[in-house]
Amino acid sequence: MIQKSVKSAEEAVADISDGAKLMMGGFGLCGIPENCIQALLKKEVQALTIISNNAGVDNFGIGLFLKKRMVKKMISSYVGENAEFERQLLSGEIEVDLVPQGTLAERIRAGGAGIPAFYTPAGVGTEVAFGKETRTFDGKQFLLETGLTADFALIKAWKGDTAGNLIFKGTAMNFNPIMATAGKITIAEVEELVPAGGLNPNEIHTPGIFVQRIFQGKGYEKRIENRTVSF
Amino acid sequence: MLTKEQIAKRISKEIKHGQYINLGIGIPTLVANYIPSKIEVVLQSENGLLGIGPFPKEMDVDPDLINAGKQTISIIPGSSIFDSAQSFAMIRGGHVDLTILGAMEVSEFGDIANWKIPGKMVKGMGGAMDLVSSAKNIIVAMQHCSKDGQSKLLPTCTLPITGIRCVKKIVTDLAVLEINPSGGFVLLERAPGVTIEEIKLKTAGNLIVPNQVLEINLD
């Protein structure tokens, strides 16, 4: 079996340079590639375009890139938890493409699946529709949206093997499986890395063909945005 | 006038046994607290969970289990997990029976604005545009007027639109209303202590008052 493992986050992101277009998994702070984020912060790459559903919080996740002004453009569906980001957006310091979450997910899925474009009803009649082709099917209007790919996709998974197969846990799955298919180079960090043969093929969420580099992650903080409990 | 909890409780009476439901952030999440125990429904979370359970006990908090509002939650027997593309396939493909969300403005044709205040609040639309574009049934929970007394039920929305001609029913702190497809808010019920006159004054859009307007029953 083809072996994809690398030693560390630093080795995994070594060829990510200024101006790169990155996809980053996660919904809020859940399922974000913490180790790759730290490694990129150390490299201080500039002028990044980041495709990610959210922008982290002020001092964790992608928010750390924003503090260091490493990001030129964000493509996201919701950036509300990050006050610094909202400020940079309103002042024009950062370019933002706000995309409906379902459209974002489907654009990424299509990008990885070789589908150049598709029609969706989301955004019809709103400013999201500006400049886009529309078409009517069965009397209902739809917008033409294009597939999305990236130079690198940074993925967080629960378990993985050295063949690049991945298993996700809980709602930390979210955008990770689809982004894994849409990165030219997909880098996966996992909580538990096993040799090929260590995972049940019936349980694999992302087949290894989509993953180019995988490493054993460490020191996950898994910060919680809103700790809500019942008594 | 109804409190947020009372608006949520009134909306919970619209829920039917066997429905798959998506609850937006804000007042809609409170609806989960009032679902009658004798009916079975399943809550869908856009971030990839079907079968949202209650908030966990402190010792059971799991950072890998959150809802669309990024709050920690639990799962229930029969829950399932899936990715974001599959989540929105459920939403966009018309598999979710009922969507409940908040609004800043609703127009008399059922247009909704709930994602942006230009120059002031640009957090993004999240899943709202997908939810309203394909939902079979949309109920809105909102305040009838803004903090400075302006009606939020308008002839046309002034804020950036989330979706057009999609809202079916609205529950505000003053009333329960239904959208007439030809253009108008049909007054179905008024809150206890609230008169039809007050509702007329506070509704800038076309208000249609039928012969019988019931009082909201919160039992």
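Only heavy atoms go into these numbers, but all of them, side chains included; no hydrogens, no water, no symmetry mates. A note on names: the letters A, B, ... follow the listed sequences, proteins ahead of strands, and every chain is numbered from 1.
Ranked by heavy-atom pairs under 4.5 Å with chain B, the list A/Leu104, A/Leu29, A/Ile108, A/Val99 is led by A/Val99. Note on A/Thr171, A/Thr228, A/Val229, A/Leu98: by heavy-atom pairs under 4.5 Å with chain B, the leading option is A/Thr228. The candidate with the highest count of non-hydrogen atom pairs below 4.5 Å against chain B, out of A/Asn54, A/Asn82, A/Asn53, is A/Asn54.
B/Leu131 has its side chain out of reach of A/Gln101: every pair of non-hydrogen atoms, C-beta onward, lies at least 4.5 Å apart.
At most 12 heavy atoms of other shown residues, nucleotides or ligands fall within 6.0 angstrom of atom CG in A/Asp138. Annotation for A/Ile209: atom CD1 does not count as buried by contact number, only 12 or fewer foreign heavy atoms lying within 6.0 Å. Residue A/Phe118 places its CZ atom among more than 12 non-hydrogen atoms of other residues, nucleotides or ligands, all under 6.0 Å distant. Other residues, nucleotides and ligands contribute over 12 non-hydrogen atoms within 6.0 Å of the CG atom of A/Leu193. At most 12 non-hydrogen atoms from other residues, nucleotides or ligands lie less than 6.0 angstrom from NZ of B/Lys4. Shown here is A/Glu133, whose CD atom has no more than 12 heavy atoms of other residues, nucleotides or ligands within 6.0 Å. Within a 6.0 Å sphere centred on NZ of A/Lys218, other residues, nucleotides and ligands contribute 12 heavy atoms or fewer.
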Chi angles and distances behind the salt bridge (Lys or Arg N to Asp or Glu O under 4.0 Å) call for B/Lys116, A/Glu127 | CA-CA 11 Å; B/Lys116 181 176 174 181; A/Glu127 57 187 63; 2.7 Å; yes

Full working for side-chain contact (heavy atoms from CB on, under 4.5 Å) between A/Gln141 and B/Ile164 | CA-CA 11 Å; A/Gln141 252 211 349; B/Ile164 47 176; over 6 Å; no

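The shortest heavy-atom contact between B/Asp83 and A/Ile178 is OD2-CG2, 4.3 Å. Between A/Leu90 and B/Val122, the shortest heavy-atom contact is CD2-CG2, 3.7 Å. Minimum interatomic distance between B/Ala85 and A/Glu106 (heavy atoms only, all atoms of both residues): CB-OE1, 4.5 Å. Shown here for A/Asn226 and B/Gly69, the closest heavy-atom pair between the two residues is ND2-O, 3.0 Å. Of all heavy-atom pairs spanning A/Pro100 and B/Asp130, the tightest one is CB-OD2, 3.5 Å. Annotation for B/Ser134 and A/Pro121: closest pair OG-CG, 3.8 Å, computed over non-hydrogen atoms.
Residue contact with chain A, scored on non-hydrogen atoms closer than 4.5 Å, involves the backbone of B/Lys120 exclusively. Both the backbone and the side chain of B/Glu46 come within contact range of chain A, with heavy atoms under 4.5 Å apart. Neither the backbone nor the side chain of B/Ile91 comes within contact range of chain A; no heavy atom of the residue lies under 4.5 Å from a heavy atom of that chain. There is no contact between B/Pro54 and chain A, counting heavy-atom distances below 4.5 Å. Using a 4.5 Å cut-off between heavy atoms, B/Val61 contacts chain A through its side chain alone, with no backbone atom that close. Contacts between B/Asn67 and chain A at a heavy-atom distance below 4.5 Å involve the backbone alone (N, CA, C, O).
Looking at B/Arg92, its side chain does come within 3.5 Å of a backbone N or O of A/Gly102 through a donor-acceptor pair. Remark: the backbone N or O of B/Phe55 is paired with a side-chain donor or acceptor of A/Ser230 at under 3.5 angstrom. Remark: the backbone N or O of A/Arg227 is not paired with any side-chain donor or acceptor of B/Thr72 at under 3.5 angstrom. Under the 3.5 Å distance criterion, the side-chain polar atoms of B/Ser84 are left unmatched by any main-chain donor or acceptor of A/Ala105. Panel note: side chain A/Thr126, backbone B/Thr162; no donor-acceptor pair is recorded below 3.5 Å.
Because its NZ or CZ atom is both nearer than 6.0 Å to the ring centre of A/Phe27 and within 45° of the ring axis, B/Lys70 counts as a cation-pi partner of that residue.
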